[in-house]
There are 2 protein chains.
Amino acid sequence: MKTKLDIANCQSCVCFNLRKASRAITQFYDHALKPADLKVTQFTILVAVTRADSITISTLAKHLVMDRTTLTRNLRPLEARGFVRVEAGSDQRTRYVSVESEGERVLERALPLWQAAQQKIVKKLGVQSMRDLLKTLSETVSISQQAP
Amino acid sequence: MKTKLDIANCQSCVCFNLRKASRAITQFYDHALKPADLKVTQFTILVAVTRADSITISTLAKHLVMDRTTLTRNLRPLEARGFVRVEAGSDQRTRYVSVESEGERVLERALPLWQAAQQKIVKKLGVQSMRDLLKTLSETVSISQQAP
DNA sequence: TAACAAAAGGTGTAACCACACGTAAAGGCG
DNA sequence: CGCCTTTACGTGTGGTTACACCTTTTGTTA
């Protein structure tokens with residue numbers, strides 16, 4: 001049957017394999033960050049906000065290559081736990097996100113945990129492989145975004 | 001400030017970059033599969049079930065490197081639309097998944113769409129880069145799963 | 001300046017994801 | 001045979017993801 005043959009190809013689906021790896025490594029990092037009671041997504045957002053100091057939701061979403069509405073909802077748990085603050089800017093349309101002191105504290109606790117997890121991955125993968133991986137991932141993002 | 005310096009490193013977080021690429025490419029494939037009214041996750045599951053013919057939920061989850069409970073819920077929309085059937089086996093604990101004829105039909109329609117999307121990515125990335133990417137992704141999955 | 005377009009953001013809806021916990025069936029063993 | 005462990009699976013809960021659609025505010029232009 002023709003379909004059966006075509007299906008064999010799907011093993012090499014870039015999307016499937018990326019999603020699979022994404023799931024696996026997310027569990028790895030989530031587990032590593034457990035002592036800080038942070039998910040890796042939350043850690044990522046917290047880092048981005050800290051780095052930016054004060055930033056609108058849309059701009060932050062662009063930085064993270066994340067849908068604006070996704071970010072809005074992902075900020076909710078962080079806001080509820082007092083890690084970030086969201087407030088209107090002088091332009092009444094905008095909302096600025098900034099880190100609260102409680103957020104800084106949890107980030108201090110999470111950073112070494114992240115570092116350890118990252119180290120483990122880099123060590124097993126090898127520095128060069130990781131560099132290549134990050135480069136290809138970056139290209140993949142670019143490709144995915146062009147040509148709607 | 002020490003924290004600020006540490007934070008600079010997080011740009012190279014393997015997890016963040018994998019998740020970012022995963023989001024981007026998922027949108028790319030989802031868009032490509034839109035004419036077949038399938039998400040890439042659903043396409044993936046449909047392919048895996050078709051390939052396996054008839055398979056328990058747990059085994060299928062292992063194949064897809066996906067949490068069993070996630071798969072249970074991901075099957076729901078496919079079941080609701082009559083693409084797959086889930087029924088108990090002779091072992092009363094197990095539930096076997098198989099493709100319905102409606103599922104085969106939609107898969108026929110989706111396959112060329114997937115092929116086109118995949119082709120675009122491979123062409124832009126280059127065959128060798130893609131091969132390296134898949135290899136590294138596979139390693140990443142293995143690494144993430146060892147050492148709890 | 002009034003009208004219209006662009007920018008920033010939220011909500012409804014629906015899917016994806018997994019941990020913690022619970023249930024029932026099957027298998028193994030004293 | 002009765003007890004215990006393992007296996008297979010579902011649900012509750014809470015977070016992640018994004019499309020479609022809507023509102024408000026700002027900027028532009030006829």
Side-chain angles (χ1 to χ4, degrees), chain A residues 15-16 18-31 33-34 37-46 55-62 64-81 83 86-97 144-145 148, chain B residues 15-16 18-31 33-34 37-46 55-62 64-81 83 86-97 144-145 148:
Chain A
C15 186
F16 166 59
L18 256 170
R19 290 182 63 88
K20 187 166 64 171
S22 175
R23 282 195 300 270
I25 203 158
T26 297
Q27 284 182 65
F28 184 82
Y29 277 73
D30 273 354
H31 186 263
L33 290 175
K34 195 138 196 171
D37 197 19
L38 268 188
K39 300 245 177 193
V40 68
T41 42
Q42 302 172 335
F43 173 78
T44 298
I45 293 175
L46 216 44
I55 187 171
T56 67
I57 292 185
S58 288
T59 309
L60 184 56
K62 274 180 199 114
L64 297 170
V65 188
M66 184 180 282
D67 189 274
R68 179 183 53 78
T69 66
T70 300
L71 181 57
T72 295
R73 307 205 207 231
N74 285 2
L75 281 170
R76 233 95 93 161
L78 295 175
E79 208 182 350
R81 291 169 71 188
F83 296 164
V86 184
E87 53 196 344
S90 55
D91 181 337
Q92 290 299 306
R93 291 170 302 180
T94 61
R95 308 202 60 194
Y96 281 85
V97 188
S144 299
Q145 285 176 337
Chain B
C15 187
F16 166 60
L18 256 171
R19 290 182 64 87
K20 186 166 65 171
S22 176
R23 281 195 299 270
I25 204 158
T26 298
Q27 285 183 64
F28 183 82
Y29 277 73
D30 273 354
H31 185 264
L33 290 175
K34 195 137 198 173
D37 196 18
L38 269 188
K39 300 240 177 198
V40 68
T41 42
Q42 301 172 334
F43 173 78
T44 297
I45 292 175
L46 217 44
I55 187 171
T56 68
I57 292 185
S58 288
T59 309
L60 185 55
K62 274 181 199 112
L64 297 170
V65 189
M66 183 180 283
D67 189 273
R68 180 185 53 79
T69 66
T70 300
L71 181 57
T72 295
R73 306 202 209 231
N74 286 2
L75 281 170
R76 233 96 93 161
L78 294 175
E79 209 181 350
R81 292 170 70 188
F83 296 164
V86 184
E87 54 196 343
S90 55
D91 180 337
Q92 289 300 307
R93 292 171 302 180
T94 60
R95 309 202 62 195
Y96 280 85
V97 188
S144 300
Q145 285 176 337

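Predicted model only: the values in this text are computed from it and were never measured. Protein chains get the first letters and strands the later ones, always in sequence-line order, with residue 1 at the start of each.
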Taking all heavy atoms of Gly89(A) and all of Tyr96(A), pick out the closest pair and write down the distance. CA-CD1, 3.7 Å
Return yes if a side-chain donor-acceptor contact under 3.5 Å exists between Thr41(A) and Arg19(B), otherwise no. no
Describe the nucleic acid contact of Ser58(B) in one word from base, sugar-phosphate, nothing, applying a heavy-atom distance below 4.0 Å. sugar-phosphate
Starting at CG of Asp67(A) and ending at P of dG10(C), how long is that distance when rounded to a whole Å? 12 Å
Dump the intermediate steps for side chain to side chain contact (heavy atoms under 4.5 Å, CB included) on Leu18(B) and Phe16(B), then the final yes or no. CA-CA 5 Å; Leu18(B) 256 171; Phe16(B) 166 60; over 6 Å; no
Among dA15(C), dG10(C), dG15(D), find the nucleotide with the atom closest to the side chain of Ile57(A). dG10(C)
When the nearest nucleotide of DNA chain C is assigned to Arg95(A) and to Thr70(B) on a heavy-atom basis, which residue is associated with the more 5' position? Arg95(A)
Could you tabulate the donor-acceptor pairs under 3.5 Å formed by side-chain atoms of residues 69-77 of chain B, not counting sequence neighbours?
unit_1: Thr69(B); atom_1: OG1; unit_2: Asp67(B); atom_2: OD1; d: 2.5
unit_1: Thr72(B); atom_1: OG1; unit_2: Arg68(B); atom_2: O; d: 3.2

Provide, to the nearest angstrom, the distance between the CD1 atom belonging to Ile55(A) and the P atom belonging to dA8(C). 12 Å
Answer with base, sugar-phosphate or nothing: what part of the nucleic acid does Asp91(A) contact at a heavy-atom distance below 4.0 Å? sugar-phosphate
Within this structure, what is the CD-to-C1' distance between Gln42(A) and dT16(D), rounded to whole angstrom? 10 Å
Taking only N and O in the side chain of Thr72(A), is any of them less than 4.0 Å away from OP1 or OP2 of dG9(C)? no
Rounded distance in Å - NZ (Lys34(B)) to C1' (dC19(D)): 6 Å
Distance check: side-chain N/O of Thr94(B) vs OP1/OP2 of dA8(D), anything under 4.0 Å? no
Measure from the side-chain N and O atoms of Asp30(A) to the backbone N and O of Val40(A), and report whether any donor-acceptor pair falls under 3.5 Å. yes
At under 4.0 Å, does any side-chain N or O of Arg19(B) touch on OP1 or OP2 of dT17(D)? yes
Find the distance Leu60(A):CG to dG10(C):P and express it as a whole number of Å. 12 Å
For dA24(C) and Gln92(B) - does any side-chain N or O of the residue sit under 4.0 Å from the phosphate oxygens OP1/OP2? no
Nearest-Å distance, CZ (Arg68(A)) to C1' (dT24(D))? 13 Å
On a heavy-atom basis, the closest approach of Gln42(A) and Asp37(A) is OE1-O, 4.5 Å
Expected output is a numbered-order residue list: members of residues 73-81 of chain A with a heavy atom under 4.0 Å from any atom of DNA chain C. What is it? Arg73(A), Arg76(A)
Measure the distance from CZ on Arg93(B) to P on dG27(C) and round it to the nearest whole Å. 6 Å
Nearest heavy-atom contact between Val86(B) and Ile57(B) is CG1-CD1, 4.4 Å
Nucleotide dG15(D), atom P - distance to CD1 of Ile45(A) in whole Å: 12 Å
At 4.0 Å (heavy atoms only), tell me whether Thr26(B) reaches a base, stays on the sugar-phosphate, or touches nothing. nothing
Would you indicate what Arg23(B) reaches in the nucleic acid, counting non-hydrogen atoms under 4.0 angstrom: base, sugar-phosphate, or nothing? sugar-phosphate
Does the side chain of Arg95(B) pick up a donor-acceptor pair with the side chain of Thr56(B) at under 3.5 Å? no
Look at all strands and tell whether Thr69(A) reaches a base, only sugar-phosphate, or nothing, counting heavy atoms closer than 4.0 Å. base
